[in-house]
Protein chains: 2
Amino acid sequence: MASRPSAGSVTIEDVAREAGVSRAAVSKVIRNAYGVSPAMKARVAEAIEKLGYRPSVSARGMRGATFTVGIEIPELSNPFFPKLLAGATAALSGSPYQLIIAPADPEHGEGYRAIQALVDRQVDGVIAVSPLVDPEWLEALAANVPVVMIGRHDRSDKYDAVVSDDEEGARQVMRHLLDLGHRDIAHLTPAAGFAGIGSGAPQAIRVDAYRDAMQEAGLGDRIRVVRSPNGAPESRRVALGLLAEPDRPTAVFASHDEPALGVLHAVADAGLTAADVSVAGYDDIEIAAHPGISLTTVDQHGERMGRLAAELLLERIAGRAEPRHEVVRPELVVRASTRPPRPRGGAARLRAVGGT
Amino acid sequence: MASRPSAGSVTIEDVAREAGVSRAAVSKVIRNAYGVSPAMKARVAEAIEKLGYRPSVSARGMRGATFTVGIEIPELSNPFFPKLLAGATAALSGSPYQLIIAPADPEHGEGYRAIQALVDRQVDGVIAVSPLVDPEWLEALAANVPVVMIGRHDRSDKYDAVVSDDEEGARQVMRHLLDLGHRDIAHLTPAAGFAGIGSGAPQAIRVDAYRDAMQEAGLGDRIRVVRSPNGAPESRRVALGLLAEPDRPTAVFASHDEPALGVLHAVADAGLTAADVSVAGYDDIEIAAHPGISLTTVDQHGERMGRLAAELLLERIAGRAEPRHEVVRPELVVRASTRPPRPRGGAARLRAVGGT
DNA sequence: ATGAAAGCGCTAACAA
DNA sequence: TTGTTAGCGCTTTCAT
């Protein structure tokens, strides 16, 4: 690949001298700006190649663009977010823009720091996945740099948004469970203090859809919203408690796949199977399709969302002024983790029947 | 959190004016450099707060440090890498350094571009996970910026390394399988052209350890190294072919957990179970412990490796000159995916007995 | 302990 | 089409 790494040693000045032209000329060539003769272009290109010149992004940032777009991500350990990144990376692949990722430090909630860090580094645009940062803060931010938010249901005419129809997705899950015949359906969602919880956040929308669906099915008195810290182990523990209750639910709808895995684990811990308790998740992470897991879930099309976000950002950087708000339609994926509830009868819990 | 986002509008000049001091004074305060009276420090701090000043990283980068460390990662979709990131993030959490991640664009193999992008952005140090980039290129790089490589077995006195003892890890797996009584053990490893393959890379070391272990066990004639493109689906396909062979192996040792999941999938596809074919992986990603998967694997202590890498980098940035090469000891984790082979006998394959 | 001034590498007017 | 020049916001000697 590149003959050898450059670390700022050779400057535009050196290239200019080597090629016998002015610095401005070199500058124009590297940005392929208007008004350079093919001849000069060639000579400069040759000098650049020969010297292994790389423009300093810092210096560029002081005047113009850095050709960098930043994306802030809450947690990489949840496989849904890498999907977003894959999409964004793909969309940027042809462009002159380099993607850098700033992980939101879990110690310092909700991404403010990470987003600010990106802006401090003069990125030309920001993609962020922070459902709870203050809208006013975001608008102030977006006044200075193009911003695309992923997963926010609020509308702004300052920043763009790419969002999944979470109401629709959650309703698809509920319809599926109700159609199977379930009546005791619990919903597992993040505890307060976790990203995703808070009005307007995807998880909150899903909770509402769950409640509404239960209500509309005449099951208002069976609504059961269980809160758990994020992470599969935590959800497993909480689910274990839920399953130990005398009137345990016949189905659990988890707000996303990670906790759903925890619930599946708890089901196994309790010596139960999918025939006893159905489990549904949300996101369709890769492992959900594995026969050992086989989790019914909702495909959010994370990769498409990431790609779309990057595309919108490039448009903004290119000058678009009108805000855009793109809604991606989610899709239910039915697998073996959801089954009809056991037929009526008392001691059904005593015998667990295995099988995929 | 931060009252409102700043986007370069207020400069060090503004702060100096507000506080009635020189720019140099402000500069000293924000770096808490030597020679500032508490009085001035307080006044400046107040002005910074009032104006919401944020130093421009670009401008800083032109003279001194950017307080940014960059990490290059080959693929975020493999859950092992987020472990590394979690460790690095934790180690940096208290420091003034911000972590930015540059994903290696799969289109442009082996991370050269991503690493260069980081250097172009004047990061104060680089952590990279590219087993195959040319050592000379790296040494040239390391001459200009502190570098810590993860997973490289070669030694350099220019850059540091954090590496797992892959030979030992692979040997632990082989010892386990041999102890169980397996003799027909195949090894699944990345096809040429994939990161990880190439001399000195972790995967290559594991292949060698596999061969040696077979040889030493007197099973040299049963050595079977199968190559597959990366990714669970690809490995599943390849494994399906392997399992269809008349003399299919009784155990498959996959070079890491992702392909191991693919093999498990193939085992299920073929209507077989862990009693028919044992499967072992490498990395101990979180899902491996799930009862639906229950994969025997090797814990590389990825989080510790990430933390260590960040610590070494900070030391380098602080001035250490002597190279360091840290080896982390891996640990076998035995789960239900590995069992003793079926007792001798012909039509053993006809009946599949289920289990945990 | 504090400030003045030079300059890092680049881009963007403006002149030629 | 090409070159000249003036900064961008900061850090860093070097005086004071």
Side-chain angles (χ1 to χ4, degrees), chain A residues 6-45 47-48 51-68 96 119-124 144-145 317, chain B residues 6-45 47-48 51-68 96 119-124 144-145 317:
Chain A
S6 312
S9 35
V10 12
T11 77
I12 200 172
E13 174 77 54
D14 301 322
V15 176
R17 194 171 330 117
E18 172 76 24
V21 299
S22 73
R23 294 188 323 234
V26 178
S27 176
K28 279 174 186 158
V29 171
I30 63 181
R31 287 174 295 137
N32 51 75
Y34 203 69
V36 266
S37 67
M40 162 164 290
K41 194 163 178 172
R43 301 189 47 187
V44 170
I48 287 177
L51 268 35
Y53 167 71
R54 303 231 92 209
S56 153
V57 174
S58 291
R60 300 182 104 173
M62 297 206 59
R63 299 308 253 115
T66 54
F67 297 100
T68 308
V119 174
D120 290 346
R121 280 157 188 76
Q122 309 264 51
V123 295
D124 296 333
N144 293 307
V145 56
I317 291 174
Chain B
S6 310
S9 34
V10 11
T11 76
I12 201 172
E13 175 77 52
D14 301 322
V15 176
R17 195 172 327 119
E18 172 75 24
V21 300
S22 72
R23 297 189 320 236
V26 178
S27 175
K28 279 173 187 161
V29 170
I30 63 181
R31 287 173 295 136
N32 53 73
Y34 204 70
V36 265
S37 68
M40 162 164 290
K41 193 165 180 171
R43 300 187 47 186
V44 170
I48 287 176
L51 270 33
Y53 167 71
R54 304 232 93 210
S56 152
V57 173
S58 290
R60 299 182 102 173
M62 297 207 58
R63 300 305 255 117
T66 54
F67 297 101
T68 307
V119 174
D120 290 346
R121 280 156 188 78
Q122 309 265 52
V123 294
D124 297 334
N144 293 307
V145 56
I317 292 174

Give a yes/no answer on whether the side chain of B:Ser56 brings an N or O atom under 4.0 Å of OP1 or OP2 in D:dG9.
no
Kindly point out which of D:dG3, C:dC10, C:dT2 is positioned nearest to the side chain of B:Met40?
C:dT2
On the nucleotide D:dT2, are OP1 or OP2 found under 4.0 Å from the side-chain N or O atoms that A:Tyr34 carries?
no
Separation of B:Ile12 atom CD1 from D:dC8 atom P, in whole Å?
14 Å
Pairwise side-chain contact, A:Leu51 with A:Glu18, heavy-atom cut-off 4.5 Å (strictly under):
yes
Check every atom of C:dG9, C:dG3, D:dC10 against the side chain of A:Met62 and return the nucleotide holding the closest atom.
C:dG9
Once you round it to whole Å, what is the distance between C1' of C:dA4 and CD of B:Glu13?
12 Å
Tell me whether the side-chain N/O atoms of A:Ser27 come closer than 4.0 Å to OP1 or OP2 in C:dT11.
yes
Within the structure provided, determine whether B:Phe67 and B:Arg60 are in side-chain contact (heavy-atom separation under 4.5 Å).
yes
For B:Ala25, answer base if it contacts any base atom (sugar-phosphate contacts may also be present), sugar-phosphate if it contacts only those atoms, and nothing otherwise; contact means non-hydrogen atoms under 4.0 Å.
sugar-phosphate
For a side-chain contact (heavy atoms from CB on, under 4.5 Å) with A:Val21, tell me which candidate from A:Val29, A:Val26, A:Val15, A:Val36 qualifies.
A:Val26
Give the rounded distance in Å between these two atoms: CZ of B:Arg63 and C1' of D:dG7.
15 Å
Separation of B:Arg17 atom CZ from D:dG9 atom C1', in whole Å?
13 Å
For the pair made of CD1 in A:Ile30 and C1' in C:dT11, what is the distance, rounded to whole Å?
9 Å
Assert: residue with more 5' nearest nucleotide on DNA chain D, out of A:Arg23 and A:Lys41, is A:Lys41
Tell me whether the side-chain N/O atoms of B:Arg60 come closer than 4.0 Å to OP1 or OP2 in D:dT11.
yes
A:Gln122 CD to C:dT11 P: how many Å, rounded?
14 Å
Without decimals, in angstroms, what is the distance between B:Lys28 NZ and C:dG3 C1'?
8 Å
Establish, with yes or no, whether the OP1 or OP2 oxygen of C:dT2 is under 4.0 angstrom from a side-chain nitrogen or oxygen of B:Ser37.
yes
Is A:Arg121 close to B:Arg121 at the side-chain level, that is, under 4.5 Å between some pair of heavy atoms?
no
Could you tell me whether the phosphate oxygens of D:dG9, OP1 or OP2, come under 4.0 Å of any side-chain nitrogen or oxygen in B:Thr11?
no
Test item: B:Lys41 and B:Asn32 side chains (from C-beta on) under 4.5 Å apart, heavy atoms:
yes
Distance in angstrom units between A:Asp120 CG and D:dG9 P, rounded
14 Å
So what does B:Arg31 hit on the nucleic acid, given a heavy-atom distance under 4.0 Å: a base, only sugar-phosphate, or nothing?
base
